[in-house]
2 protein chains.
Amino acid sequence: MTPARVYQHPETSEIAMPKVLFALSEPLRLNMVRMLVERGEVDSIELGPELPRSTLTHHTSLLRESGIVFVRAEGRKCMIRLREDDLEARFPGLIQTVLNGYPAPVDDVDDVDDVDDVDDEEGA
Amino acid sequence: MTPARVYQHPETSEIAMPKVLFALSEPLRLNMVRMLVERGEVDSIELGPELPRSTLTHHTSLLRESGIVFVRAEGRKCMIRLREDDLEARFPGLIQTVLNGYPAPVDDVDDVDDVDDVDDEEGA
DNA sequence: CTGATCGTTCGAAAAATCTCGCACGAAGAT
DNA sequence: ATCTTCGTGCGAGATTTTTCGAACGATCAG
């Protein structure tokens, strides 16, 4: 099992607030982060099934390089998950605070799984 | 006393998370926000004494248009303050969470008192 | 009034970012 | 082996952002 593709990740201490905020400042990436919070580790393609592959790689790379997500290769595909512990250690409450202030797009209604590992509700 | 310059501000409900995050994603502007939290309302020039005026206007305008600050003309100069209540109502805890994760530059030593509380009276 | 200072706007130039087609190597299926 | 699918890197083009000088009106001191 030699990992074919190796991904570079910043150390926890290297994660910088401006880079993280910039990564989160795009609705596309912010929705990706929300999905990661809700679903845990996901196949990269789930983050943007209708995006061109090179575009998707661009956004996932940016999320990875800013320290928001951890990426690992599994066979052909790559699995992506939020660096929850690292982010929580470095910027406590940030992700939750941001997501609370950014309503999920209503057009996404296909997640009917019992996903209540995330805490509490969103108002309005 | 007709206000010479009038500034457009987004309604509280119009303040959008992506725009706010983008505005905060630049160290320059993030430091401005920190100063606003610490000092309350300040003369715009205090936010960047060494910046060209047009550059300063650019950044303060961006902060204003994203809903982060309130700007008012007073004589020749313009006074800027954080929209604390509006931001807190819309994105509870966001500003504090972000600033907590972004250490102040040690370069700046003219900081008077230690920053322990921020929700206090700081009026001029 | 004159002169100085301030913030804004315009314009242009530079830098960064975003999008996406294409070719390539790696991995799985047959 | 071949064929297909996947992610990545490259390159180009488009869009956005950043910077800052110059000109202008407004304000204040004299």
Side-chain angles (χ1 to χ4, degrees), chain A residues 1-9 16-33 35-36 41-81, chain B residues 1-9 16 18-33 35-36 41-81 124:
Chain A
M1 279 282 286
T2 310
R5 286 161 288 162
V6 190
Y7 297 92
Q8 290 272 0
H9 297 82
M17 180 62 81
K19 285 181 185 292
V20 169
L21 295 182
F22 180 78
L24 298 176
S25 72
E26 183 126 346
L28 193 57
R29 292 190 291 259
L30 197 41
N31 283 321
M32 291 178 176
V33 170
M35 184 177 293
L36 290 170
E41 194 177 46
V42 304
D43 187 339
S44 70
I45 207 169
E46 290 188 60
L47 296 177
E50 52 213 40
L51 289 176
R53 293 292 142 78
S54 51
T55 301
L56 183 58
T57 298
H58 172 253
H59 289 292
T60 56
S61 296
L62 202 150
L63 286 172
R64 171 178 52 83
E65 289 162 10
S66 66
I68 295 179
V69 303
F70 181 81
V71 183
R72 68 180 176 89
E74 175 161 313
R76 285 180 292 189
K77 47 191 187 312
C78 72
M79 303 300 289
I80 304 187
R81 64 180 161 86
Chain B
M1 283 296 273
T2 309
R5 286 161 288 162
V6 188
Y7 297 92
Q8 291 272 0
H9 297 82
K19 286 180 185 290
V20 169
L21 294 182
F22 179 79
L24 297 176
S25 72
E26 183 126 347
L28 193 59
R29 291 189 292 259
L30 196 41
N31 282 321
M32 290 179 177
V33 170
M35 183 178 294
L36 290 170
E41 194 176 46
V42 304
D43 186 339
S44 70
I45 207 168
E46 289 188 61
L47 295 179
E50 51 213 42
L51 289 176
R53 293 292 143 79
S54 51
T55 301
L56 183 57
T57 298
H58 172 254
H59 288 292
T60 56
S61 296
L62 202 150
L63 286 173
R64 170 178 53 82
E65 289 162 10
S66 66
I68 295 179
V69 303
F70 181 81
V71 183
R72 68 180 176 89
E74 174 161 314
R76 284 178 293 188
K77 48 190 173 355
C78 72
M79 304 299 290
I80 303 188
R81 64 181 162 85

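Here the structure is a predicted model, which means the values were calculated and not measured. Chain identifiers are assigned alphabetically (A, B, ...) following the order of the sequence lines, protein sequences preceding nucleic acid strands; residue numbering begins at 1 within each chain. For the numbers below, each heavy atom of this structure counts, side chains included, while hydrogens, waters and symmetry mates do not.
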Strictly distance-based, threshold 3.5 Å: is any side-chain N or O of A/R5 a donor or acceptor partner for the main-chain N or O of A/R76? yes
Would you mind telling me which of C/dG7, D/dG7, C/dT8 lies closest to the side-chain atoms of B/S44? C/dG7
Heavy atoms, side chains only, cut-off 4.5 Å: are B/L47 and B/L63 in contact? no
Which of D/dG7, C/dT8, D/dC6 is nearest the side chain of A/R76? It is D/dC6
B/F22 CZ to D/dT16 P: how many Å, rounded? 11 Å
To the nearest 0.5 angstrom, please state how far the OG1 atom of B/T60 sits from the CD1 atom of B/I45. 11.5 Å
Roughly how far apart are B/H59 NE2 and B/S44 OG, rounded to 0.5 Å? 13.0 Å
Within-4.5 Å side-chain heavy-atom neighbours: A/M32 and A/L56: yes
Plane angle bin for B/F22 and A/F22 - parallel if under 30°, tilted between 30 and 60°, otherwise perpendicular: tilted
Side chains of B/Q8 and B/R64: does their closest heavy-atom pair fall under 4.5 Å? yes
Write down the distance between CD (B/E26) and C1' (C/dA15), rounded to a whole number of angstrom. 12 Å
When rounded to whole Å, the CG to P distance for the pair A/L21 and C/dT17 reads 14 Å
Output the rounded distance in Å from CZ (A/R53) to C1' (C/dA23). 16 Å
Contact residues, residues 45-52 of chain A to DNA chain C [heavy atom, < 4.0 Å]: A/P52
Is any side-chain nitrogen or oxygen of B/Y7 closer than 4.0 Å to OP1 or OP2 of C/dT8? yes
Atom NZ of A/K77 and atom C1' of D/dG7: how far apart are they, to the nearest Å? 12 Å
Applying a 4.0 Å non-hydrogen cut-off, can you work out what B/L62 is touching in the nucleic acid: base, sugar-phosphate, or nothing? sugar-phosphate
B/D43 side chain reached by B/M79 side chain, heavy atoms, under 4.5 Å: yes
Atom-to-atom span, NZ of B/K19 to C1' of D/dT16 - whole angstrom: 12 Å
Axis-to-axis angle for the helix from C/dC1-D/dG30 to C/dT30-D/dA1, ends of five pairs each, to 10°, equals 30°
Measure from the side chain of B/H58, starting at C-beta and using heavy atoms only, and say which of C/dT8, D/dG7, D/dT19 lies closest. D/dT19
Could you check A/E74 against A/L28 and say which one's nearest nucleotide on DNA chain C is further toward the 5' end? A/L28
Counting side-chain heavy atoms from CB outward, which of D/dC6, C/dT19, C/dC22 is closest to A/S54? C/dC22
I want to verify a distance call: between C/dG7, D/dC20, C/dC18, whose nearest atom is closest to the A/R29 side chain? C/dC18
Would you please confirm or rule out a distance under 4.0 Å between OP1 or OP2 of D/dT8 and any side-chain N or O of A/T57? yes
Expressed in angstrom and rounded to an integer, what is the separation of A/Q8 atom CD from D/dG7 atom P? 20 Å
If I compare all heavy atoms of B/L30 with all of B/L24, which pair ends up nearest, and what's the gap? CD2-O, 3.5 Å
With a 4.5 Å cut-off on side-chain heavy atoms, are A/I68 and A/L62 touching? no
Value in whole Å for how far the P atom of C/dG25 lies from CZ of A/R5: 15 Å
